[in-house]
Amino acid sequence: MTCPICRSTRRITLDRRSRIPVLMHNLFDDRDSARDCPVGDVDLVRCLECGFAWNAAFDSDRMVYGPDYDNCQSHSPAFRAHVDDCAGAVVAARPELTAPHVVEVGAGQGTFLERIEAIGAARVGALTGFDPAWRGADGAGPGRARIYRQYFSPASIAVLETPPDVVVSRHTIEHVPDPLQFLIDIRRSIGDHKGVDLFVETPDIEWIVQHGALEDVFYEHCSLFDAESLALAMEMAGFGDVRVETRFGEQYLWAHGRSIAAPAVGRRARPVSPATIDTERSVAGWRQRLQSVSAAGRRTIVWGAGAKGMTFAQIVDPDARLIDAIVDINPGKQGRFIGASGHAVVAPAALRVLRPDTVVVMNPVYADEIRTTIAQMGLQVSLLTLHEM
Ligand SMILES: [Zn+2]
């Protein structure tokens with residue numbers, strides 16, 4: 001199988017996993033259905049010529065993104081600040097236009113469009129979103145936004161009254177098995193309308209590899225870019241002047257380009273690190289650590305039932321024996337169970353009852369706010385943070 005971006009056949013295997021849940025954000029009402037959730041395999045490979053990585057075992061027929069899909073992270077102040085940074089960049093993109101039309105591909109429940117409206121106020125015009133997981137009425141949305149419950153395609157543009165001036169897509173392209181076609185579809189939907197800005201946000205595979213981040217490999221993230229491969233794909237799709245920076249503790253790529261008349265380049269080889277993700281070694285280390293806590297009659301809690309926390313618990317503790325529960329500040333997740341391993345998700349207040357000795361924090365970006373919350377509860381715990389910044 002050739003690289004979906006540059007068509008090279010030179011590749012390495014980054015990581016292999018079997019029987020992991022196909023949808024990370026689905027939670028279950030009882031432990032038995034959680035343990036019976038649909039699972040799939042990951043064969044994560046990386047192109048040695050452009051740096052792009054993909055799950056060669058991915059089966060898109062197994063993915064159904066519907067209104068049950070809840071990937072809301074906006075309960076955290078650190079995440080909200082990051083979202084506002086991105087919204088600010090979108091608002092500032094077209095100062096020469098009086099009311100630029102912003103289109104979001106993968107708009108979820110409209111949280112980001114809402115922030116664009118709040119920050120941009122009169123500096124932005126129409127706000128349109130597309131997402132198959134949108135729960136509201138088709139064409140309705142929070143504030144001025146109009147969100148349509150559909151996957152984005154060149155045909156989607158038919159619902160727009162005016163062409164887009166800025167297109168943004170955050171945390172969507174990593175779910176798409178043919179990401180080059182996804183970018184080409186966005187470029188086609190722009191047509192001859194001149195100089196349209198595109199912003200793309202997605203996890204950085206280079207950060208995942210460099211940190212051996214076992215908690216960042218998910219079945220549904222079938223396409224993972226590094227900065228160079230994302231720039232290459234955007235250029236191949238017909239965007240010029242592409243700049244890619246890292247954000248959110250360097251974990252995410254934030255790319256910006258502007259539509260041009262003709263795609264600039266084709267294949268472009270570059271040195272790609274042959275490093276892989278040594279999941280087996282990290283898992284063995286964590287199991288040993290958590291077993292010693294458990295053997296001393298003490299409890300371990302994981303903080304955060306997002307994709308990272310679930311993946312960590314599922315892979316380090318598949319039988320739910322070492323991790324007592326997962327704490328999450330999102331009320332919609334509390335009282336439910338995560339797929340495969342069946343760990344329970346609880347509210348932070350449950351820590352007063354559970355009295356954990358150890359709290360494992362998935363993301364160093366959240367460590368400060370979690371430390372503050374725990375201190376306010378008057379609890380003494382040892383906080384272990386993955387990839388401490
Ligand atoms: Zn490639």
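Of the charged side-chain nitrogens involved, none lies within less than 4.0 Å of a carboxylate oxygen, so that R243 and E245 do not count as a salt-bridged pair. Under the 4.0 Å criterion applied to side-chain N and carboxylate O atoms, R46 and E206 are assigned as salt-bridge partners. Between R149 and D138 there is no salt bridge, since no side-chain N of the basic residue sits under 4.0 Å from a carboxylate O of the acidic one. For the pair D368 and R371, the salt-bridge criterion is met [side-chain N within less than 4.0 Å of a carboxylate O]. Looking at E96 and R94, a side-chain N of the basic residue comes within less than 4.0 Å of a carboxylate O on the acidic one, giving a salt bridge.
Between T276 and T13, the shortest heavy-atom distance links the atoms CG2-O, 3.2 Å. The shortest heavy-atom contact between R336 and L27 is NH2-O, 3.1 Å.
Counting heavy atoms of neighbouring residues, nucleotides and ligands inside a 6.0 Å radius, atom CD of E280 does not exceed 12 of them.
With sequence neighbours excluded, no residue satisfies ring pair (Phe, Tyr, Trp, His ring centres under 6.0 Å) with F182. With sequence neighbours left out, the salt bridge (Lys or Arg N to Asp or Glu O under 4.0 Å) criterion links D216 to K308. Qualifying ring pair (Phe, Tyr, Trp, His ring centres under 6.0 Å) partners for F199, counting only residues two or more places apart in sequence or in other chains: W254, H256. Qualifying salt bridge (Lys or Arg N to Asp or Glu O under 4.0 Å) partners for D61, counting only residues two or more places apart in sequence or in other chains: none.
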Identify all side-chain donor-acceptor contacts of residues 119-129 below 3.5 Å with residues at least two apart in sequence or on another chain.
unit_1, atom_1, unit_2, atom_2, d
R123, NH2, I119, O, 3.3
T128, OG1, H101, NE2, 2.8

Show me the donor-acceptor pairs, under 3.5 Å and distance only, between side chains in residues 345-362 and residues at least two apart or in other chains.
unit_1, atom_1, unit_2, atom_2, d
R355, NE, R352, O, 3.3

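Classified by interplanar angle (parallel below 30°, tilted 30° to 60°, perpendicular above 60°), the ring pair H221/F218 is perpendicular.
For the side chain to side chain contact (heavy atoms under 4.5 Å, CB included) criterion with L180, the lone passing option out of I173, L232, I5 is I5. Considering T279, I20, V217 as possible partners of I315, the one that fulfils the side chain to side chain contact (heavy atoms under 4.5 Å, CB included) test is T279. Here the options are E174, H171, H175, the test is side chain to side chain donor-acceptor pair (under 3.5 Å), and the partner is T202; only E174 passes.
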Item to check | Full working for side-chain contact (heavy atoms from CB on, under 4.5 Å) between Y252 and R170 | outcome: CA-CA 10 Å; Y252 298 156; R170 301 180 50 249; 5.9 Å; no
Next on the checklist: Using the rule given for ring pair (Phe, Tyr, Trp, His ring centres under 6.0 Å), can you reason through Y151 versus F130, listing the C-alpha separation, both sets of side-chain angles and the distance that settles it, and then say yes or no?
Outcome noted: CA-CA 6 Å; Y151 285 99; F130 296 94; over 10 Å; no
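Within the 3.5 Å criterion, the main-chain N or O of F112 finds no donor-acceptor partner in the side chain of E104.
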